[in-house]
Enquirer: 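Sharing a structure here in structure tokens format.
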Amino acid sequence: MTRHGELGAALHRWRDRIAPAGAGAPQAGAGGPGMGRAELARLTGLSVDHITRLEQGRAIMPSSQVLASLAQALHLDDVERRHLFLLAGHAPPATDQVPRRVPASVRRMLDGMAGAAVGVHDAAWSLIAWNPLWAALLGDPAPSAGALCRNVAWRHFTASPSRVTRSPEQTARFETALVGDLRAAAVRYPTDVELRNLVARLRRTNNRFTELWTSRFVGSHEGEAVTVHHPDLGAVDLDCDILSVPGCDLRIIVQSADPGSSAAQALGLLGVIGTGTLPFEDDIAEQHDDGREQQPAGL
């Protein structure tokens, strides 16, 4: 099937799933299980013939205005809207605001990963959800006031206190990927005020950020080993992985340890005591210092 045939099939499928009453039209005289072409024409301002040609794959390259009208009339979500534009040969339209809603499936992931520290960040790298072990390991984010205090890029490039350390090579890769993420988010969400203010303030504040922003370098986040310096447990060596959630533009950071390792035992202890202070420091394993340079802030 050609791309235009795929577009027509998708439009037909989306139209069929909407009951006429849901479209604001009476069900009496409905000729099929879903919204009729005449109803869709009325809602979009298009002719029935135009919609027929679209569904039959005979209308080539509909305009972005036509696609936007179809998306609204067919009640498409963001993923379906993006798919519609791609099928029609257009670049997907930019979304106004950075998505900051955490889907129920991601919240279930937070609840289910009790043995790992998990933090959920939006496309601008602001922390928006976390599990109890994240707070116990890295410090409770709840008292932090304002979005900047929970933003990874702001904390890193302004040398805010952090318990995480990386090697210089890891830090360089992390910074390049982080700034690349913000640049891509600025393109996807051009009218998001918080994101625009974040980038503007970082460019005024930090020369390294400005250098990376203007260089147009791109990078990708890789799984890596990091050291978290906990005030009671000392140095805890962990694996850090960054996962992406399709459809909602979230980044999930997972810090975990090999089962049976001293780091896994430390996480287990933190899972019990939470954000409280350890009562018996003599029982804590000897701290390990691997000589890596402490960075200003991190994950």
Side-chain angles (χ1 to χ4, degrees), residues 106 109-110 112-131 133-139 141 150-185 202 206 208-209 211-213 215 217-231 233-246 249-268 270-271 285 287-299:
V106 175
M109 181 186 300
L110 284 173
M113 300 181 69
V118 185
V120 181
H121 301 74
D122 63 21
W125 275 106
S126 290
L127 182 66
I128 56 177
W130 57 91
N131 67 357
L133 192 52
W134 176 278
L137 178 68
L138 298 171
R150 294 182 185 173
N151 185 272
V152 172
W154 177 260
R155 293 184 61 83
H156 180 84
F157 286 105
T158 58
S160 300
S162 173
R163 297 179 181 180
V164 178
T165 64
R166 291 180 173 84
S167 69
E169 293 78 12
Q170 288 176 318
T171 299
R173 290 196 301 269
F174 172 69
E175 289 177 343
T176 300
L178 183 60
V179 176
D181 283 348
L182 291 181
R183 191 187 303 110
L202 282 172
N206 187 274
R208 172 63 174 161
F209 179 88
E211 174 190 352
L212 289 170
W213 184 268
S215 70
F217 288 149
V218 295
S220 60
H221 296 283
E222 301 176 1
E224 60 182 10
V226 299
T227 299
V228 178
H229 296 269
H230 190 273
L233 294 177
V236 183
D237 295 325
L238 298 169
D239 293 323
C240 180
D241 294 285
I242 300 177
L243 314 176
S244 298
V245 183
D249 216 359
L250 300 179
R251 287 97 175 92
I252 300 179
I253 300 170
V254 181
Q255 295 190 349
S256 61
D258 288 333
S261 65
S262 60
Q265 294 174 5
L267 290 180
L270 284 175
Q287 298 183 13
H288 300 285
D289 185 1
D290 62 0
R292 284 187 281 187
E293 177 184 352
Q294 184 163 349
Q295 302 303 324
L299 305 179

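In what follows, every heavy atom counts, from backbone to side chain, and hydrogens, waters and symmetry copies are set aside.
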Enquirer: Dump the intermediate steps for side chain to side chain contact (heavy atoms under 4.5 Å, CB included) on V120 and V245, then the final yes or no.
Expert: CA-CA 10 Å; V120 181; V245 183; over 6 Å; no
Enquirer: Between atom CG of L202 and atom CG of L212, what is the distance when rounded to the nearest 0.5 Å?
Expert: 11.0 Å
Enquirer: Please evaluate residues L270 and V236 with respect to the criterion side chain to side chain contact (heavy atoms under 4.5 Å, CB included), reporting the C-alpha separation (whole Å), side-chain torsions for both, the decisive distance (0.1 Å), and the verdict.
Expert: CA-CA 11 Å; L270 284 175; V236 183; 6.0 Å; no
Enquirer: Excluding sequence neighbours, so at least two apart, what forms side-chain contact (heavy atoms from CB on, under 4.5 Å) with N131?
Expert: L110, V118, L133, W134
Enquirer: Between N151 (side chain) and A124 (backbone), is there a donor-acceptor pair under 3.5 Å?
Expert: yes
Enquirer: If we ignore hydrogens and angles and just use 3.5 Å, is the side chain of R150 paired with the main-chain N or O of P141 as donor and acceptor?
Expert: yes
Enquirer: How many angstroms lie between atom CD of E211 and atom CD of E175, to the nearest 0.5 angstrom?
Expert: 9.5 Å
Enquirer: For G119, is there any backbone N or O sitting under 3.5 Å from a side-chain donor or acceptor partner on Q255?
Expert: no
Enquirer: With rounding to the nearest 0.5 angstrom, report the CD1 to CG distance, I242 to D181.
Expert: 8.0 Å
Enquirer: Check whether R163 reaches the backbone of L137 with its side chain - one donor and one acceptor, N or O, closer than 3.5 Å.
Expert: yes
Enquirer: Give me the atom names and distance for the closest heavy-atom approach of C240 to I253.
Expert: SG-CG2, 3.8 Å
Enquirer: How long is the span from the CG atom in L250 to the CD1 atom in I128, to the nearest 0.5 Å?
Expert: 5.0 Å
Enquirer: Can you sort out the partners of D122 under salt bridge (charged side-chain N to carboxylate O under 4.0 Å, His left out), two or more places apart, ordered by chain and number?
Expert: R100
Enquirer: Measure across A225 and Q170 and return the closest heavy-atom pair with its distance rounded to 0.1 Å.
Expert: O-NE2, 2.8 Å
Enquirer: Are F174 and V152 side-chain neighbours, meaning at least one heavy-atom pair lies under 4.5 Å?
Expert: yes
Enquirer: Tell me the closest heavy-atom pair linking D258 and S261, and the distance in Å.
Expert: O-OG, 2.6 Å
Enquirer: Return the CD to CG distance between Q265 and L233, rounded to the nearest 0.5 Å.
Expert: 11.0 Å
Enquirer: Between S162 and V164, which heavy-atom pair has the shortest distance, and what is it?
Expert: OG-N, 3.1 Å
Enquirer: Let me confirm one number: the CD1-CE distance from I252 to M113, rounded to the nearest 0.5 Å.
Expert: 8.0 Å
Enquirer: Identify the heavy atoms of A116 and V254 that sit nearest to each other, and give their distance.
Expert: CB-CG1, 3.8 Å
Enquirer: Relative to each other, are the rings of W125 and H121 parallel, tilted or perpendicular (30° and 60° limits)?
Expert: tilted
Enquirer: Output yes when a side-chain donor or acceptor of R166 lies under 3.5 Å from a complementary backbone atom of V226, and no otherwise.
Expert: no
Enquirer: For the residue pair F157 and R208, what are the closest heavy atoms and their distance?
Expert: CE2-CG, 3.9 Å
